[in-house]
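All remarks here apply to the structure that follows.
Numbering of residues begins at 1 and proceeds along the displayed sequence. In each ligand, atom 1 is the first atom listed, and ligand 1 is the first ligand listed.
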Amino acid sequence: MEKPCILANTLGAPRGIYKCFEPCIEKHFTIIQYERFVQRKEDFANKIQAVFLWGPRGIIVDQNLLESLPNLKAVVNGGVGVDHLDIPLINSFGVKVYNNPGVVDNATADIGMSLMLASARRIVEGHNFSKFHESDYYPESSLGTDVSRATLGIIGMGRIGYKIAKRAQGFEMKILYYNRNRRPESEERAVGATYCASLKELLQRSDFVMVVVNLSPETHKLIGAKEFAMMKPNSTLINICRGLVVDQDALVDALQKKMIRAAALDVTYPEPLPRDHPLLSFPNVIVLPHVGTHTVETSQMMVERMVTNALAAITGGQLPDEIKA
Ligand SMILES: O=CC(=O)O
C-alpha cells in the first residue's frame, strides 16, 4: 500500500525537523519537502495529509497553505507551544492540530537549570576568560552567586515548571510559584513549593525568577518595566518559554540601570537576535538560540510522537495529543 504523504522541511530554511530523523518518519510516510512543494504545488497538493512542523520556526500554516491542501487531516507540531498556530482557523478547514506534551518536559527543565547555574556561576564569562585572558588574575568582580539555598520563583507551574521545582529541590532552594491555579496536591506537597497569590509577591521575594508560561494575550510582555522594578537588584531573570513573554526593551533598561543582576534567555524576539542587539552586549546576559528541547534523545521522542499523532489523524485511530480551539 502506498504510504501517506506529509509536508515537512528537513532541509533547513525555514528551520525544520533535522534530516537525521527522516528514517523514523519514512517508515510510515513519504516526505514531501517544503521547498519542492513550493515549486510544484500542483503535483503534491492533493497528496498531502499532514504537515509536520517544528515549533514557531517551521512551516507557516496560514490560510493560503490550508487552502492549497484539500486532503490535509492534521497539523502536527514537534514542540509543546502552539502560539504560532491559528487553531480555530486550522480547525475550520476540518484539520486537527497536535502538539507534544510530556515529551519535552525534562529537556526543557534541564535547560532552565543550566541557564540558572550558568548565569549564577558566570560560566560563559569564566570560559571566555580562560580562552582570551590577558592576565592570570581572575578579578573579584567576577564573583558569582549561590544557587543552593537561594529562592527560586517559578512563573507558570505546568508540567515543565513542576520538573524545574523537582530539580531545584535537589539544590535545597526555597521554591515559590505563581500560577493561574493553585496546585496544593501535586506541587506544594510534592516539591515543597509555596504559592504566591500575586506576581508582585513572587518577584519581590525571588533571587531567581524563571518564566515558564504559554504565550497568550494574557502573558504577552508579562514581565515589563513595572515588574523589573519589583525584582531584587541581585536577582536573575531566566526565560525558557517564549521571547514575547518578556518586554525586551524594558529588560535592556533594567540591566542598564542595574535593577537586576543578570538575565539568561533561551528565547527572544526575533530568534535569533540581530548581532548588534543591545542584549548581546551585556556580559551578564546569556542568550541561547531556543534550544530547550535540542537533544538527540528528546528530538527523537518528539519525532516518534509526531508520527503517532499523524497516523492517528489519518487512520482515525486514538488521538493522543489533539488540541482544540
Ligand atoms: O519551544 C519549544 C516547545 O514549544 O516545545
Salt-bridge contact R167-D110 (side-chain N to carboxylate O under 4.0 Å): yes
Whether over 12 other heavy atoms sit under 6.0 Å from R182 CZ: yes
Partners passing side-chain hydrogen bond (donor to acceptor under 3.5 Å, both in side chains) against K221 (at least two apart in sequence or in another chain): none
T236 and R261 side chains, donor-acceptor separation under 3.5 Å: yes
Residues in the immediate environment of ligand 1 (any heavy atom closer than 4.0 angstrom): G79, V80, G81, R242, H290
Distance-only donor-acceptor check, side chains T10 and E22, under 3.5 Å: yes
Salt-bridge criterion met for R159 and D105 (N-O under 4.0 Å): yes
